[in-house]
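For reference, the structure is listed below as structure tokens.
Keep in mind the model is a prediction, meaning the values are calculated, not measured. Numbers here are sequence positions counted from 1. Excluded from the calculations below are hydrogen atoms, water molecules and symmetry mates; all remaining heavy atoms, backbone and side chain alike, are included.
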Amino acid sequence: ATDAASLIVVAPGYVDLAVTVDQRTKLPDLPLDSDKPGRIPLRFLITNLGNMPVPSLAAVDVAVSLVNLTTGEHLPLTTVPGVRVASLRPGKMAKGKVDVELPLGLGGTYSLQVEVSPDASFTEVLGGSTLSDNNTALSQPLQVAGAFLDMTRFHDVDLRMVYDAGEWGG
């Protein structure tokens with residue numbers, strides 16, 4: 001006869017990676033002009049929420065896109081394949097950084113989205129369910145001022161001539 005107090009329940013081993021955007025990522029409000037795009041060093045953290053280490057040769061692909069918070073449109077920016085997360089123990093974090101360049105001609109409110117995808121060396125499965133709902137994270141909102149025309153470049157143009165010619169209605 002076995003005593004109920006002496007039974008030991010062993011949970012199945014699993015890996016569950018979660019990604020978050022590091023709070024040290026500074027997302028300034030950016031005026032983008034036609035001369036230079038905005039560049040942001042995006043820092044992120046990958047945490048193993050599972051109960052066993054990530055396999056020893058494991059890596060993930062990290063995809064970064066820009067999400068327009070008004071329209072929901074996603075604009076892929078970059079993908080970094082093969083980011084090493086080998087042997088990441090349960091409860092531990094791996095830090096990552098990728099420089100992203102915002103394209104020209106933007107205007108509005110955006111967030112940077114980071115998504116991690118495991119390589120073929122491991123899966124995130126527990127009891128037949130895939131544990132991928134925490135593989136995507138959004139940054140804080142980022143205000144991007146649209147492009148503008150710098151009129152100081154035209155300091156030699158006499159705008160009075162245009163007005164005197166009746167072009168402004170008068």
Using modelled atom types and a 3.5 Å cut-off, is there a donor and acceptor pairing between side-chain atoms of Thr71 and backbone atoms of Glu73?
yes
Side chains of Thr109 and Gln143: is there a donor and an acceptor less than 3.5 Å apart?
yes
Closest non-hydrogen contact found for Pro90 with Gly50 is CB-O, 3.2 Å
With a 4.5 Å cut-off on side-chain heavy-atom distances among I, L, V, M, F, W and Y, is there a chain of contacts connecting Val114 to Val67?
no
Indicate yes or no: at least one non-hydrogen side-chain atom of Leu112 is less than 4.5 angstrom from one of Leu138.
no
If you take all heavy atoms of Leu69 and Pro141, which pair is closest and at what distance?
CD1-CB, 4.0 Å
Tell me the closest heavy-atom pair linking Ser121 and Asp119, and the distance in Å.
OG-OD1, 2.6 Å
In terms of heavy-atom contacts, Ala94 and Leu88 come closest through N-CD1, 4.0 Å
Single-linkage hydrophobic cluster, 4.5 Å side-chain cutoff, Leu42 and Leu75 together
yes
Value for CD (Glu124) from CG (Leu49), rounded to nearest 0.5 Å, stands at 9.0 Å
Same cluster or not: Leu131 versus Met52, using hydrophobic residues (I, L, V, M, F, W, Y) connected whenever any side-chain heavy atoms lie under 4.5 Å apart?
no
Smallest separation among heavy atoms of Ala59 and Phe122, with atom names
O-CE2, 3.9 Å
Does the side chain of His74 reach to within under 4.5 Å of the side chain of Gln113, using non-hydrogen atoms?
yes
Does the Asn51 side chain pair with the main chain of Pro12, one donor and one acceptor, at a distance under 3.5 Å?
yes
To the nearest 0.5 angstrom, please state how far the OG atom of Ser139 sits from the CG atom of Asp22.
12.0 Å
Would you say Thr47 and Leu17 make side-chain contact, with heavy atoms under 4.5 Å?
no
Is Val80 linked to Leu102 within one hydrophobic cluster, defined over Ile, Leu, Val, Met, Phe, Trp and Tyr using a side-chain heavy-atom separation of less than 4.5 Å?
yes
Between Val98 and Pro41, is any pair of side-chain heavy atoms under 4.5 Å apart?
no
4.5 Å side-chain heavy-atom contact, Val116 and Asp61
no
Is there a path from Leu45 to Val100 through hydrophobic residues (I, L, V, M, F, W, Y) whose side chains come within less than 4.5 Å of each other?
no
How far apart are the C-alpha atoms of Phe44 and Val62, what are their side-chain angles, what is the distance that settles it, and do they pass the side chain to side chain contact (heavy atoms under 4.5 Å, CB included) test?
CA-CA 10 Å; Phe44 57 92; Val62 177; 3.9 Å; yes
Taking side chain as C-beta onward, heavy atoms only, is Asp16 less than 4.5 Å from Asn134?
yes
d(Thr136 OG1, Glu115 CD) to nearest 0.5 Å is 3.5 Å
Check whether any side-chain heavy atom of Tyr14 lies under 4.5 Å from a side-chain heavy atom of Val125, and answer yes or no.
no
Would you say Met93 and Ile46 make side-chain contact, with heavy atoms under 4.5 Å?
no
What's the separation between atom CG in Leu142 and atom CG in Leu66, rounded to the nearest 0.5 Å?
7.0 Å
To the nearest 0.5 Å, what is the distance between CZ (Arg84) and OG (Ser56)?
8.0 Å
